[in-house]
2 protein chains.
Amino acid sequence: MNKVNLKDIAKHLGISIATVSYVLNGQEKERRVSSATAEKVREAIHQFEYTANQIAKSLKTKKTNTIGIIVADINYRFTTHVVRAIEKECQLYGYTVIFGSSYENPETFLTILNVLINKQVDGLIVIPVDNDRGYIEQLKSREIPFVIVDRVPEGSDLSIVSIDNKDLAYQCTQHLVKTGHQRVAFMSYQTGLSHLLDRKAGYVTALQDADIEIDQNLIIEIDEKNFVRGVQSGIDALLERGKSCDGIFFTTDTIAVEAIKYLNQKGIRVPDQVGIVSFDESDAFPLFHVPVTHGRQPLRQIGEVAVKMLLELIDENTPKGNTILKSTFIVGKSCGEK
Amino acid sequence: MNKVNLKDIAKHLGISIATVSYVLNGQEKERRVSSATAEKVREAIHQFEYTANQIAKSLKTKKTNTIGIIVADINYRFTTHVVRAIEKECQLYGYTVIFGSSYENPETFLTILNVLINKQVDGLIVIPVDNDRGYIEQLKSREIPFVIVDRVPEGSDLSIVSIDNKDLAYQCTQHLVKTGHQRVAFMSYQTGLSHLLDRKAGYVTALQDADIEIDQNLIIEIDEKNFVRGVQSGIDALLERGKSCDGIFFTTDTIAVEAIKYLNQKGIRVPDQVGIVSFDESDAFPLFHVPVTHGRQPLRQIGEVAVKMLLELIDENTPKGNTILKSTFIVGKSCGEK
DNA sequence: AATAATTGCTTAAACGTTTAAACAACATAA
DNA sequence: TTATGTTGTTTAAACGTTTAAGCAATTATT
């Protein structure tokens with residue numbers, strides 16, 4: 001038994017499809033459907049449990065009430081939290097979410113982009129792919145509203161949601177200094193991505209403001225290809241005698257977790273031997289023997305704002321721009337705090 | 001400038017829409033389009049970068065190449081891993097994924113169900129909502145192919161992907177016994193859900209097989225409403241003098257993590273004072289000072305199999321049934337293993 | 001030479017909606 | 001009386017595809 005459609009309802013009531021449609025779309029007043037007819041229609045709709053075929057509707061109205069989101073990998077803490085907020089917010093506004101993962105692969109990214117566009121999504125939220133350069137041009141040439149999350153590319157006619165990476169990195173570094181660490185190291189990925197450059201700038205500025213000289217030996221930048229080994233040899237290098245490093249600022253939670261594992265393994269005591277601060281938290285932190293001091297991005301808010309910006313963009317009544325959200329700083333005990 | 005459609009292509013070439021469509025769908029042979037014409041069409045398609053409007057296509061073919069998945073919360077380890085596999089598998093077969101979260105709320109679940117059905121998804125994968133009873137009837141009455149993951153409801157004309165919960169729980173318990181623990185406790189949620197009942201059965205059977213008497217005092221079942229307190233008072237109860245509990249089997253990773261946090265906090269040494277095993281792992285385990293022995297569900301495989309079953313169901317050439325996947329058991333050092 | 005088969009296309013209906021435009025019936029105003 | 005409005009409804013085109021059916025031109029068969 002096939003789903004009942006407008007025609008079925010109309011035939012059953014002996015009226016035209018148009019009339020039924022008007023009632024359904026709340027246009028009885030404008031289209032002067034008599035209240036008797038309207039009532040009949042409502043009854044029939046209820047009786048037959050009619051629900052509109054959104055595909056047909058979309059074809060006609062050119063609106064799918066669907067947004068696409070392209071993430072790097074759903075299996076990241078950042079992603080799940082942001083996606084969760086996006087989906088919640090969309091539920092609120094009657095939008096649904098189609099999603100695809102690029103797995104950091106630019107080609108996959110473009111494939112997904114095409115699929116989503118052919119599905120006629122009303123807009124896109126993009127959590128960018130590392131190392132991908134051309135996607136913004138592709139997006140722009142498609143004339144589809146989109147919002148970029150997290151990463152701030154050049155070019156200002158874009159809609160972007162991000163946080164002040166430099167500021168939060170500044171706070172992280174400053175906290176290490178304030179808790180008595182003199183030789184504060186920096187551990188990050190080897191990359192040209194804006195958010196990580198900003199974090200480095202925050203680190204540098206904080207040290208300068210504290211009149212501490214920057215020591216290039218304390219700056220470790222890891223090749224992602226060789227992640228685990230990179231972290232380990234980075235830690236080894238930092239903690240070798242002579243360097244007298246007494247604090248480390250990790251620019252991502254992934255690096256922090258891997259480093260903490262290794263510190264655990266080597267029996268290095270935190271915070272006694274070395275104080276640590278992480279940019280971003282990890283669900284794993286609570287299992288470490290001491291609460292890890294860290295910066296916290298407002299992931300939920302990032303998702304919410306991204307959706308709001310996108311929906312405004314879709315409704316065409318908004319200027320584009322970069323929305324910068326406030327982060328918070330969570331003080332634990334990994335720097336020897338009282 | 002609007003997207004180019006079949007009509008544009010046809011007009012440009014001075015041929016009919018039908019011919020273009022036939023070429024596009026690889027029906028040149030059957031429909032006897034001359035190779036000259038076909039070539040012209042292909043060129044034009046390329047030149048204008050034509051891509052089909054999937055909405056129109058779907059309306060006609062009644063196929064959206066989209067599946068819906070309803071999860072409890074994207075923010076769970078189980079969910080992200082399964083969803084990741086589902087999406088990867090779908091990419092392979094040219095399907096896209098629409099998703100919605102029920103947040104454990106049956107009403108939200110039904111709302112999402114309706115939205116997805118109106119979007120004409122070809123099928124559904126459902127990671128069930130705790131405490132929801134009616135959803136299966138709702139699903140069945142909708143005559144839409146669907147696969148249930150993880151939880152095994154009564155009624156056998158369903159397609160289900162699950163693991164052998166009893167068997168894996170048996171292994172977990174047996175391992176505690178084999179590593180010298182005599183007074184093995186069980187900590188789970190207070191629930192009637194099949195997978196947790198099965199895990200309890202595994203625990204009981206393992207002890208019986210080892211000729212150890214079941215002690216109701218060592219069985220803790222936590223009210224989810226009061227989760228953190230429940231875990232803590234459960235641990236307190238188990239470790240109080242007199243009970244001489246020397247091992248605990250946690251039936252979920254969430255319970256295990258919360259318990260480990262509390263053990264940490266209280267300074268209780270694992271595995272010296274108490275050995276622990278967890279059903280399911282957590283990304284947090286590596287930060288614990290000792291590797292946690294645990295059962296591992298084949299999450300990726302669960303996702304893959306769910307998709308395969310669903311696509312077969314959609315193509316109508318498959319019997320339904322319960323596919324039970326093999327789990328593995330990861331030996332750490334949390335039971336005092338050498 | 002007449003008929004049949006093949007080739008290469010086109011026509012047009014259909015999918016389930018929305019919506020501008022038309023229309024019939026009646027009421028009101030001049 | 002004629003024109004003018006108002007009310008309640010229907011008609012039909014359109015959205016961008018797919019696809020069965022039709023048809024003219026050419027080629028093959030008898």
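As the structure is a computational prediction, the values presented were derived from the model and not from experiment. Numbers restart at 1 for each chain; the letters A, B, ... are given by sequence-line order, proteins then strands. In what follows, every heavy atom counts, from backbone to side chain, and hydrogens, waters and symmetry copies are set aside.
- In this structure, CG of A/L24 is placed 12 Å from C1' of C/dG16, rounded to the nearest angstrom.
- Nucleotide D/dC15 holds its P atom 13 Å from the CG atom of B/L6, rounded to whole Å.
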**Prompt:** Base, backbone or nothing for each nucleotide of nucleotides 6-12 of chain C, written B, S, -, heavy atoms under 4.0 angstrom, 5' to 3'?
**Reply:** -BBBBB-

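- Within a 6.0 Å radius of CD in B/E49, other residues, nucleotides and ligands contribute 12 heavy atoms or fewer.
- Base contact: A/K60 has a heavy atom under 4.0 Å from a base atom.
- A donor-acceptor contact closer than 3.5 angstrom links the side chains of A/T96 and B/K119.
- The distance from the CD1 atom of A/I17 to the NZ atom of A/K11 is 9.5 Å, given to the nearest 0.5 Å.
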**Request:** For B/D157 and B/K140, run salt bridge (charged side-chain N to carboxylate O under 4.0 Å, His left out): C-alpha distance rounded to whole Å, both residues' side-chain angles, the deciding distance at 0.1 Å, then the answer.
**Result:** CA-CA 10 Å; B/D157 56 340; B/K140 278 163 81 171; 3.5 Å; yes

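- Using a 4.0 Å cut-off between a side-chain N of Lys or Arg and a carboxylate O of Asp or Glu, B/E304 and B/R300 qualify as a salt bridge.
- Each of A/N25 and B/L59 lies near DNA chain C, and the nucleotide nearest B/L59 is the one positioned closer to the 5' end.
- We find that CG of A/N53 is positioned 17 Å from P of D/dG16, with the value rounded to whole Å.
- When rounded to the nearest whole Å, the span between CD1 of A/I55 and C1' of D/dT18 equals 15 Å.
- When each of C/dC15, D/dT19, C/dT18 is scored by its nearest atom to the side-chain atoms of A/K7, the top-ranked nucleotide is C/dC15.
- For D/dA14, neither phosphate oxygen OP1 nor OP2 lies less than 4.0 angstrom from any side-chain nitrogen or oxygen of A/K62.
- One can place CD of A/Q120 at 18 Å from P of C/dT17, the figure rounded to the nearest angstrom.
- One can place NZ of B/K119 at 16 Å from C1' of C/dG16, the figure rounded to the nearest angstrom.
- Distance, A/K3 NZ to C/dC15 P: 16 Å, rounded to whole Å.
- Using a 4.0 Å cut-off between charged side-chain N and carboxylate O, B/R42 and B/E39 make a salt bridge.
- A side-chain donor-acceptor contact under 3.5 Å links B/T37 and B/S34.
- For the pair B/E28 CD and D/dT19 P, the interatomic distance rounds to 16 Å; values are reported in whole Å.
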